[in-house]
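First up is the structure itself, then whatever we jot down about it.
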Amino acid sequence: MEKPVAKDPGFYIMVLIGLLIMFGAPIWFDLFAIMQVTQYVVLSVYALSLAYIWGFGGILSFGQSCFFGLGAYTFAVSSINIGETTFPFILSFVLPAAFGAALGYFMFYGRLSDVYLGVVTMVVTLIFWKIINHTAGPEYSIGDARLGGFNGIPSIPILNMPGDPDAWLDPAQMFKFFMFLLIVVYIGLRVLIASDFGRVSVGIRENETRSSLLGYDVRRHKVIIFAIGSGIAGMAGAMWATYQTFIDPNAFSLEMSAKALIWVMAGGVGTLAGPILGVILLQWLSLKLGTLQFLNNFVILGAILMVLVLALPRGLVPSVKHWALTGWEMFRRRERAAPPAKEVTSDV
Amino acid sequence: MDYTIIVVIEILRAISWLVLLAAGLGIIFGMMRVINFAHGEFLMLGGYTVIMSTKAGVNIWFAMLVLAPLCVGLFGVLVERLVIRFLYGRILDSLLATWGLSLLMIGGVTLIFGNTVEGVSTPLGAVDIGAYSIPAYNFVLIFFAALFMVAIWGVMKFTRAGLIARATMQNPAMAEALGIRTTWVYMATFGIGSAVTGLAGGLLAPLTGVVPTMGVNFVGQSFITVITGGASMIAGTLSASTLLGSISQGMTILTGPVYGDAALLLAALVLLRLLPQGITGRIFTRSL
């Protein structure tokens, strides 16, 4: 059984850690370190978007970067045109969510099976990537913003205070705001998962036929789940764009989709805290390994992905939990207190 | 009149292109319901085999028709034994694992050959049709696409191996009970599918050149063709290639190659909304 959010100590610990980092980090660390950590925060939001749809909706998307990129480009184009960032930031949630709903309609109302779903999401991402790469000429501009093809869009505005376009956030404020967003997304998803809607979606993940026989509209549920995940991914894209003040078509790349999958798998499908730890650990790892001459990013990602899949015996979620418990004790000490993995895993 | 012939040949070429890209993937998918996400990299491997051995002085036709399928086929068997074998019945995991393989191969080939485009000139010259001139190589593509389809049909229909393959496809448990070692059938299927992919990659290499990331340019088209076609190897691949090839080539003639791809996807999405199991899930269900 899923524990009510209000009674789960893990939930409070996570939020507490989050708040501690949010207010503590700017005091303890220098500016450079803060900007590094900001990157992890943004990617954590992105990881949460896939963690939600895969872990709690049973939708394995190979194209999460499609929405990430869409959010990033939405933010870039609209903020350059409008000159302030509050509305574009909201738009970067709404537009990918709407696109996710539209794509979800075709996929889920067509009752595509898992393989087809994986292929369609991947191909959609590929096509976005191709089209955006193709937009190098000056004729491809939306308002004042040139899409720039493979050169990307430079000088994307930094977030400003709502209503005051000249009050830019400094890096520490940006970090606090992003950390705040991460906490909000985490709490929001936890509450959503614990709600009736969330219980039904977990039920659908466990047994689609039974859920529909019990009278739940599986297709509608999946579309909504997918749209929410897409919106969060889009928001993460906007955060990424404003953090870097630059975005290029690599936001749409397969590498970016693969990373999300790897983080979620590494951290544990069916958890929310796991993927965040996955981001921190694996980004740090690839930063370290990336400095080696004889390796490149693709080799590292591919190897990690294959090892993760092959090293896990039958039954993905329980084995991830088991593996996480034994292998990553020091990172996940908190979970020891919880009883061993059950059929329907709890949502920590 | 000349223009009509050219357009017809162009559309035939587009269809053959899709058939070549998708045939190997379709064999594996039809047999084992596994989508090999490293398909694009298998094509790339075939391409590299041709380019590298041609540069080493091997006759290009020998490299294309013998070396490429041999290398990639053997590689496929290796992959099946080391990775895929453990993942039968776990479809999502097999997707994830082959995707990992795909990234690994892109990275590995980049490390070995560098991130540069290699190429050989297209063999055969041009053919004049009235006022127009088209590469004679187009006919090679069309010929091999047709040959692939006929060969697969012949093998499946008239040989003992084909009989065993069809039995395994229809009912693996019963086939096993009758003394067929299905794991070997799967291994052989994956090997043959890979070999066909390698041959296709070899044939495409002179046209596109090879670069470690070339796979991404083809996987979209191959995946869409296979899933739109559905589970039947020949009827599925043929019908989907014909439909999507005409659409994308029409769109390409009108607007350019990028939107050709987008049109391909859009058509496939609408089609899958109507026929979720692919074309052969509803029509031609009993065909091979």
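A, B, ... follow the sequence lines: proteins, then strands. Residue 1 opens every chain.
For CZ of A:R220, the number of neighbouring non-hydrogen atoms (other residues, nucleotides, ligands) closer than 6.0 Å is 12 at most. Atom OH of A:Y216 has 12 or fewer heavy atoms from other residues, nucleotides or ligands within 6.0 Å. Counting non-hydrogen atoms of other residues, nucleotides and ligands closer than 6.0 Å to CZ of B:R81 gives a total above 12.
Interface residue A:L254: backbone and side-chain heavy atoms are both found under 4.5 Å from chain B. Only the side chain of B:L87 comes within less than 4.5 Å of a heavy atom in chain A; its backbone stays farther off. B:V34 does not touch chain A: none of its heavy atoms, backbone or side chain, sits under 4.5 Å away. Looking at A:S253, neither its backbone nor its side chain comes within 4.5 Å of chain B, counting heavy atoms on both sides.
Side-chain contact between B:T110 and A:V299 is absent, with no heavy-atom pair separated by less than 4.5 Å. Side-chain contact between A:V120 and B:F223 is absent, with no heavy-atom pair separated by less than 4.5 Å.
Within residues 99-107 of chain B, the residues having any heavy atom less than 4.5 Å from a heavy atom of chain A are, in residue-number order, B:W99, B:G100, B:L101, B:L103, B:L104, B:I106, B:G107.
Residue B:T98 holds its OG1 atom at 8.5 Å from CE of A:M306, rounded to the nearest 0.5 Å.
Applying the side chain to side chain donor-acceptor pair (under 3.5 Å) criterion to A:W129, with sequence neighbours excluded, gives no partner residue.
Per-residue counts of heavy-atom pairs under 4.5 Å with chain B were compared for A:F108, A:F106, A:Y116, A:Y105; the largest is that of A:Y116. Interface check for chain A: of the options B:L266, B:V226, B:N217, the most heavy-atom pairs under 4.5 Å are formed by B:N217.
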